[in-house]
Protein chains: 2
Amino acid sequence: MECSCGCLINSELAKKVKSKMLKDDILFEIAECFKIFGDSTRIKIIYALKLSELCVNDLAFITNSTQSAISHQLRILKQAKLVKAKKIGKVVYYSLKDNHVIKLFEIGREHVEEL
Amino acid sequence: MECSCGCLINSELAKKVKSKMLKDDILFEIAECFKIFGDSTRIKIIYALKLSELCVNDLAFITNSTQSAISHQLRILKQAKLVKAKKIGKVVYYSLKDNHVIKLFEIGREHVEEL
DNA sequence: TCCTTATATGAATAATTGCTCATATATTAA
DNA sequence: TTAATATATGAGCAATTATTCATATAAGGA
C-alpha cells in the first residue's frame, strides 16, 4: 500500500496529483478571497458600489442594514483591498478598488443564474 | 430629510441606487455560491478535481485531511452542484460538474496573485 | 463652546460551520 | 458468512463570524 489513503486503485494518480497541487498558503488565500464575497451584506455593498460611489449611511439605507454593521463590513472589504475610501468633510465615500472585483462578482452572478 | 440614512448629500442618489439593486434573494444566492469557495478544504478539493477525477480517499490523502472531513465537504459541494459523483464498485469518483467552476476558481486565483 | 451629524470600533451575543469521533451502509474478497 | 475496504452521516464540540449596543472620534454648524 503506497499512499496513506489506502486506496489501491489510485495511489499513483493521487501521488501525482498531490505533487501538482498549489501551495497550501496560496489555496488558503484564494479561499479567503472568496470568503469575503460569501456574505449577503458584503455582496450587497459590492453590488451597490458597482452602481455608484457611496457613503456609509447611504450604503446602510440601500442594504437595509445599520450604520454600524455596514461600517464593520466596510472595514473587512477595505482590509481585503476590495474597496477604497475617500473622506470629504465628515463624509466617507467608498468605491470599488478595481474592475477585478466586478469581474468576480459577475462570474458568480452568471453561475448562479445558470443553475 | 428624505431617506432613512439621514445623509442629505446623497439621498436622491441613494434612492436611485436602491431602486436598481438586484433582489435580495438573488444577492443571497450569489453570496452562498461564493461561500462554498470560501473554505480551504473545499478549495483544495476543487483544485485537485481540476487536475483529475478522484475518489474520496485520494482526496483525503491529497488534501492532508480525513476521509470523514472530505466526505462532509463533498456533500456540500455536491449539493451546490459544483461536483458530480460516479460510483464504480465501492469506490466513488468525484469530478467537477462544469467549466464554470474552473473559471470561478481561476478568476479568484488571478485576483489573489495580483495583490 | 455646545450640538448635531457621519463614521468607526470594542465588547458581548447568537448563529453558523468545519472538524472529530463513532457508527452505519455498501461492496468485495476470503 | 465473516472480514476488510470505501464512503456516508449524525452528534457534539470548538472556532469563527455577523450583528447589536454603547460609545468614541471627527467635522461642521449654531
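In what follows, chains carry the letters A, B, and so on, assigned in the order in which the sequence lines appear, proteins first and then strands, with residues in each chain numbered from 1. A quick note: this is a predicted structure, and the numbers were derived from the prediction, not measured.
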Distance test, side-chain N/O of Tyr94(A) to OP1/OP2 of dA8(C), below 4.0 Å: yes

Sidechain N-carboxylate O distance under 4.0 Å for Glu32(B), Lys35(B): yes

Sugar-phosphate, base or nothing in reach of Thr41(B), heavy atoms under 4.0 Å: sugar-phosphate

Residue pair Leu82(B) / Ile36(B), side-chain heavy-atom distance below 4.5 Å: yes

Atom-pair distance (CG on Asp58(B); P on dT5(D)), nearest Å: 15 Å

Protein-nucleotide distance (Ile76(A), atom CD1; dT17(D), atom P), rounded to Å: 8 Å

Thr66(A) side-chain N/O to dT20(D) phosphate OP1/OP2 under 4.0 Å: yes

N or O in side chain of Ser68(B) less than 4.0 angstrom from dT9(D) OP1/OP2: no

Atom pair distance, as rounded to whole Å: CZ in Phe61(A) and C1' in dT7(C): 19 Å

Stacking check His72(B) vs dT9(D) (5.5 Å / 30 deg): yes

Between C1' of dT7(C) and CG of Leu54(A), the distance in whole Å: 15 Å

First encountered from the 5' end of DNA chain D, between Val92(B) and Ala69(A): Val92(B)

Any Asn57(A) side-chain nitrogen or oxygen under 4.0 Å from OP1 or OP2 of dT5(C): no

d(CG, Leu74(B); C1', dC19(C)) in whole Å: 14 Å

Neighbour count >12 (heavy atoms, 6.0 Å) for atom NZ, Lys81(B): no

More than 12 heavy atoms of other groups within 6.0 Å of Asn99(A) CG: no

Residue Val56(B), side-chain heavy atoms: nucleotide from dT5(D), dA8(D), dA8(C) that is nearest: dA8(D)

For atom CD of Gln67(A) and atom P of dA24(D), their distance in whole Å: 15 Å

5′-ward residue of the pair Lys90(A)/Ile70(A) relative to DNA chain D: Ile70(A)

Main-chain N/O of Phe61(A) paired with Lys18(B) side-chain donor or acceptor, under 3.5 Å: yes

Separation of atom CD1 in Ile88(B) from atom C1' in dA6(D), rounded to whole Å: 13 Å

d(CD1, Ile45(B); C1', dC19(C)) in whole Å: 13 Å

Under-4.0 Å side-chain N/O to phosphate OP1/OP2 contact, Gln73(B) with dC19(C): yes

Sugar-phosphate, base or nothing in reach of Lys78(A), heavy atoms under 4.0 Å: nothing

N/O (side chain, Lys87(A)) to phosphate O (OP1/OP2, dA26(D)) under 4.0 Å: no

Val101(A)-Ile26(B) co-clustered via ILVMFWY side chain contacts under 4.5 Å: yes

N or O in side chain of Arg75(A) less than 4.0 angstrom from dT7(C) OP1/OP2: no

Shortest side-chain distance from Ser71(B), nucleotide among dA27(D), dA8(D), dT20(C): dA8(D)

